[in-house]
Participant: 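Provided herewith is a single structure, encoded as structure tokens, for subsequent inquiry.
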Amino acid sequence: MKAIKIEHSCKVEDLVPRLVDKPTIKPGYVLINVKAFGVNESEVTSRKGESDGDFSYPRILGIEGTGVVAEVNDDSSFKVGQKVATMMGGLGRAIDGTYAEYTLVKEENVIPIETQLDWETVGALPEMLQTAYGSLNEGLQLKKDDVLLIRGGTSTVGLMAGVIAKDLGVTVIATSRNPKKIDTLKKYGVDYPLLDDQEFEKNVKKITPAGVDKVLELVGLDTLFQDMSFLKKGGYACFTGALGGKWTIDNFSPFMIPTGVYLTSYAGEASDLPADVFDSVLKKIEIHEISVPIAKAYHGLEEASLAQSDLESGKASGKRVVVL
């Protein structure tokens with residue numbers, strides 16, 4: 001099969017498809033014929049050799065994908081020809097991923113889907129939907145009529161979280177550090193798109209003097225403690241991402257957390273995104289109730305390098321998807 005397999009850290013132009021052995025089915029696994037995959041920051045990090053210790057070379061990149069079941073074991077709950085999605089579970093890091101025509105995945109990390117949507121749309125969803133939904137549901141226990149602040153709102157997860165939250169009946173405040181991307185937040189239904197500038201704190205308090213119910217933190221530890229100061233008593237802050245690059249803090253004290261509010265995190269797995277939730281989102285996309293934030297679709301493994309290059313440029317918000 002064709003795949004992008006890297007032996008060591010490399011430049012983006014070195015992401016060139018080559019022939020490798022097609023995976024062989026083994027107990028507890030499903031072989032998937034990949035139809036589309038999203039391109040993610042973590043794959044750029046892995047390509048550069050900057051990943052954590054759970055990543056190793058040589059490796060086929062790709063932490064998520066969608067496609068059709070190609071082969072199963074006799075006792076499998078899946079059927080050949082069934083449409084599926086997969087993400088996380090070490091995919092593209094500890095085991096070979098989805099920058100390939102076929103990928104071999106543990107059954108527990110495979111989600112059955114039913115949809116007539118094109119692969120470009122479906123391929124954009126797995127990782128950003130799982131992370132957004134898991135953060136809001138598992139991390140924040142978000143409910144109707146909450147006021148939610150999304151810090152890092154024009155990231156793929158931030159945009160998807162805003163879409164899910166609005167569909168639930170939540171008031172959404174979301175931020176961007178780039179004034180040119182404020183219109184993107186408006187496009188996806190954010191109630192209060194805010195520029196992350198010197199006036200940010202004043203503007204949040206003007207919108208909601210009593211504070212917000214929940215905060216989804218995607219920028220990092222540089223902004224987390226400011227965001228917690230906006231919370232009402234009993235409110236939740238969920239640390240999910242660090243777009244600013246700061247994941248750890250020196251000399252941390254629990255007393256840095258404001259009294260009466262709660263700090264949690266989210267780094268979940270495919271199991272946090274139930275199949276019925278995925279199918280519900282797909283159906284709402286089909287009838288145009290919600291939109292998927294897609295920046296651009298690329299065609300063929302040969303364009304994966306261009307997709308990564310465009311992602312690094314940061315010029316457009318939304319998911320970049322490679323369709324095979």
Participant: How about K106: does its NZ atom have over 12 heavy atoms from other parts shown lying under 6.0 Å from it?
Facilitator: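 No, because the 6.0 Å sphere around NZ of K106 holds 12 heavy atoms or fewer from other groups.
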
Participant: Kindly work out whether a path of hydrophobic side-chain contacts (I/L/V/M/F/W/Y, heavy atoms less than 4.5 Å apart) joins M128 to Y298.
Facilitator: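 In one cluster with M128: Y298, no.
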
Participant: With the side chain counted from C-beta on, respond yes when V110 and F78 share a heavy-atom pair under 4.5 Å apart, and no when they do not.
Facilitator: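 Sidechains of F78 and V110: in contact.
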
Participant: Where is the tightest heavy-atom contact between I164 and A132, given as atom of each residue plus distance?
Facilitator: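 Smallest heavy-atom distance, with atoms named: CD1-CB, 3.9 Å.
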
Participant: Are V105 and F278 connected into the same hydrophobic cluster when the rule is that any two of I, L, V, M, F, W, Y join if their side-chain heavy atoms are below 4.5 Å apart?
Facilitator: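 No: no chain of side-chain contacts under 4.5 Å links F278 to V105.
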
Participant: Working note: T175 + L195, criterion side-chain contact (heavy atoms from CB on, under 4.5 Å); need CA distance, chi angles, decisive distance, verdict.
Facilitator: CA-CA 6 Å; T175 73; L195 189 62; over 6 Å; no

Participant: What distance do L129 atom CG and M87 atom CE have between them, rounded to the nearest 0.5 Å?
Facilitator: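 If we round to the nearest 0.5 Å, L129:CG and M87:CE are 7.0 Å apart.
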
Participant: In Å, rounded to the nearest 0.5 Å, how long is the span from CD1 of I150 to CG of L185?
Facilitator: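 If I round to the nearest 0.5 Å, the distance is 8.5 Å.
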
Participant: In the hydrophobic cluster built from side-chain contacts under 4.5 Å, what are the other members alongside L149?
Facilitator: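 Its cluster mates, by chain and number, are V147, I173, Y192, L194, F200, V204, I207, V212, V215, L221, L224, F225, M228, F230, L231, F239, W247, I249, F252, M256, I257, V261, L263.
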
Participant: Give, for atom CG of D310 and atom CD of E303, the distance between the pair rounded to the nearest 0.5 Å.
Facilitator: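 Reported to 0.5 Å precision, the distance equals 9.5 Å.
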
Participant: Passes side-chain contact (heavy atoms from CB on, under 4.5 Å), V39 versus Y99? Steps please.
Facilitator: CA-CA 9 Å; V39 175; Y99 285 29; 3.7 Å; yes

Participant: Would you say F55 and M88 are hydrophobically clustered, going by side-chain heavy atoms of ILVMFWY under 4.5 Å?
Facilitator: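 Per the 4.5 Å side-chain linkage, F55 and M88 are not co-clustered.
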
Participant: Atom OG1 in T86, atom CD in E108: separation rounded to 0.5 Å?
Facilitator: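 Reported to 0.5 Å precision, the distance equals 10.0 Å.
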
Participant: Quick one: does any side-chain atom of T121 pair with a main-chain N or O of L117 as donor and acceptor, under 3.5 Å?
Facilitator: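 A pair under 3.5 Å: no.
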
Participant: Applying side-chain contact (heavy atoms from CB on, under 4.5 Å) to T98 and I32, what does each step give before you reach the verdict?
Facilitator: CA-CA 9 Å; T98 54; I32 299 170; over 6 Å; no

Participant: Counting only pairs under 3.5 Å, give me each side-chain donor-acceptor contact of residues 282-293, with atom names and distances, residues two or more places apart or in other chains.
Facilitator:
| unit_1 | atom_1 | unit_2 | atom_2 | d |
| --- | --- | --- | --- | --- |
| K284 | NZ | D167 | OD2 | 2.5 |
| E286 | OE2 | T115 | OG1 | 2.8 |
| E286 | OE2 | Q116 | N | 3.3 |

Participant: Within the 4.5 Å heavy-atom criterion, are T171 and D146 side-chain neighbours or not?
Facilitator: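 The answer is no, as the side chains (C-beta and beyond) never meet within the 4.5 Å cut-off.
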
Participant: Going by atom types alone, do N73 and S76 pair a side-chain donor with an acceptor below 3.5 Å?
Facilitator: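 The criterion, which ignores hydrogens and geometry beyond distance, is not satisfied for S76 and N73.
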
Participant: Which atom names give the shortest non-hydrogen contact between I95 and L104, and what distance separates them?
Facilitator: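 That would be CD1-O, 4.3 Å.
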
Participant: Looking at E43 and K48, is there a salt bridge between them, counting it only when a charged N and a carboxylate O are closer than 4.0 Å?
Facilitator: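 E43 and K48: not salt-bridged.
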
Participant: Which residues pass the side chain to side chain donor-acceptor pair (under 3.5 Å) test with S176, not counting sequence neighbours?
Facilitator: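 S176 satisfies side chain to side chain donor-acceptor pair (under 3.5 Å) with no residue once adjacent residues are dropped.
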
Participant: Other residues, nucleotides and ligands only: do more than 12 of their heavy atoms fall within 6.0 Å of OH on Y262?
Facilitator: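 Result for OH/Y262: open.
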
Participant: Please give me the minimum heavy-atom distance between A165 and L142, naming the atom from each residue.
Facilitator: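 Distance-wise, the nearest heavy atoms are CB-CD2, 3.9 Å.
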
Participant: May I ask you to decide whether R47 forms a salt bridge with D14, counting only side-chain N to carboxylate O separations under 4.0 Å?
Facilitator: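 Salt bridge: no.
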
Participant: Counting neighbours of CD on E269 that are heavy atoms of other residues, nucleotides or ligands and sit closer than 6.0 Å, is the number greater than 12?
Facilitator: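 Buried by this count: over 12 neighbours within 6.0 Å.
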
Participant: Do the charged groups of E302 and K2 touch, with an N to O distance under 4.0 Å?
Facilitator: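 K2 and E302: salt-bridged.
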
Participant: Quick check: do Y188 and P193 have side-chain heavy atoms less than 4.5 Å from each other?
Facilitator: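 SC-SC contact between Y188 and P193 ruled out.
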
Participant: Taking L140's backbone N and O only, do any of them form a donor-acceptor pair with K214's side chain (distance below 3.5 Å, no angle check)?
Facilitator: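 Pair found, side chain donor or acceptor close to backbone of L140.
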
Participant: L125, L159: one ILVMFWY side-chain cluster at the under-4.5 Å cut-off?
Facilitator: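 They do share one cluster, since a chain of ILVMFWY contacts under 4.5 Å joins L125 to L159.
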
Participant: Taking everything shown except K232 itself, do over 12 heavy atoms lie less than 6.0 Å from its NZ?
Facilitator: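 Correct, the count exceeds 12.
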
Participant: By side chain to side chain donor-acceptor pair (under 3.5 Å), which residues pair with D196, not counting sequence neighbours?
Facilitator: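 Scan of D196 (side chain to side chain donor-acceptor pair (under 3.5 Å), adjacent residues dropped) gives R151.
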
Participant: Looking only at side-chain N and O atoms, does Y266 offer a donor or acceptor that is under 3.5 Å from a partner on D272?
Facilitator: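 Yes, because at least one side-chain N or O of D272 sits under 3.5 Å from a partner of the opposite role on Y266.
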
Participant: Please report, to 0.1 Å, the donor-acceptor pairs under 3.5 Å made by any side chain of residues 59-71, with sequence neighbours excluded.
Facilitator:
| unit_1 | atom_1 | unit_2 | atom_2 | d |
| --- | --- | --- | --- | --- |
| R59 | NE | S56 | O | 3.4 |
| R59 | NE | R93 | O | 2.9 |
| R59 | NH1 | D96 | OD1 | 2.9 |
| R59 | NH2 | S56 | OG | 2.9 |
| R59 | NH2 | A94 | O | 3.2 |
| E64 | OE1 | E127 | N | 2.8 |
| E64 | OE2 | N40 | ND2 | 3.0 |
| E64 | OE2 | K319 | NZ | 2.8 |
| T66 | OG1 | A36 | O | 3.3 |

Participant: Which value, rounded to the nearest 0.5 Å, describes the distance between L91 atom CG and N109 atom CG?
Facilitator: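 L91 CG to N109 CG: 8.0 Å, rounded to 0.5 Å.
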
Participant: Let me check something: any side-chain donor-acceptor pairs from residues 15-30 under 3.5 Å, sequence neighbours excluded? List them with distances.
Facilitator:
| unit_1 | atom_1 | unit_2 | atom_2 | d |
| --- | --- | --- | --- | --- |
| R18 | NE | K5 | O | 3.4 |
| R18 | NH2 | K5 | O | 3.3 |
| R18 | NH2 | E7 | OE2 | 2.6 |

Participant: Could you walk me through whether D191 and K166 pass salt bridge (Lys or Arg N to Asp or Glu O under 4.0 Å), step by step?
Facilitator: CA-CA 9 Å; D191 297 289; K166 285 302 301 174; 3.0 Å; yes

Participant: Test I294 against R320 for side-chain contact (heavy atoms from CB on, under 4.5 Å), laying out the working first.
Facilitator: CA-CA 6 Å; I294 297 175; R320 299 184 184 278; over 6 Å; no

Participant: So which heavy atom on S135 is nearest to which on C238, and how close?
Facilitator: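 For S135 versus C238, the nearest heavy atoms are O-SG, 4.2 Å.
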
Participant: I want to check something: taking the side chain as every heavy atom from C-beta on, are K186 and I182 in contact at a cut-off of under 4.5 Å?
Facilitator: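 The answer is yes; the side chains approach within 4.5 Å.
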
Participant: Please name the pair of heavy atoms, one in P112 and one in Q82, separated by the smallest distance, quoted to 0.1 Å.
Facilitator: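 Scanning both residues completely, I find the closest heavy atoms to be CB-NE2, 3.5 Å.
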
Participant: Report yes or no: do Y236 and V170 belong to one cluster of Ile/Leu/Val/Met/Phe/Trp/Tyr joined by side chain heavy-atom distances under 4.5 Å?
Facilitator: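 Yes, it is one cluster - the side chains of Y236 and V170 are joined through contacts under 4.5 Å.
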
Participant: If you define the side chain from C-beta out and look only at heavy atoms, does anything of L218 sit under 4.5 Å from L216?
Facilitator: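 Yes - at least one pair of side-chain heavy atoms lies under 4.5 Å apart.
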
Participant: Rounded to the nearest 0.5 Å, what separation is found between the CD atom of E13 and the CD atom of Q308?
Facilitator: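 Here the interatomic distance stands at 11.0 Å.
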
Participant: Which pair of heavy atoms, one from I111 and one from A270, lies closest together, and at what distance?
Facilitator: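 Smallest heavy-atom distance, with atoms named: CD1-O, 3.8 Å.
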
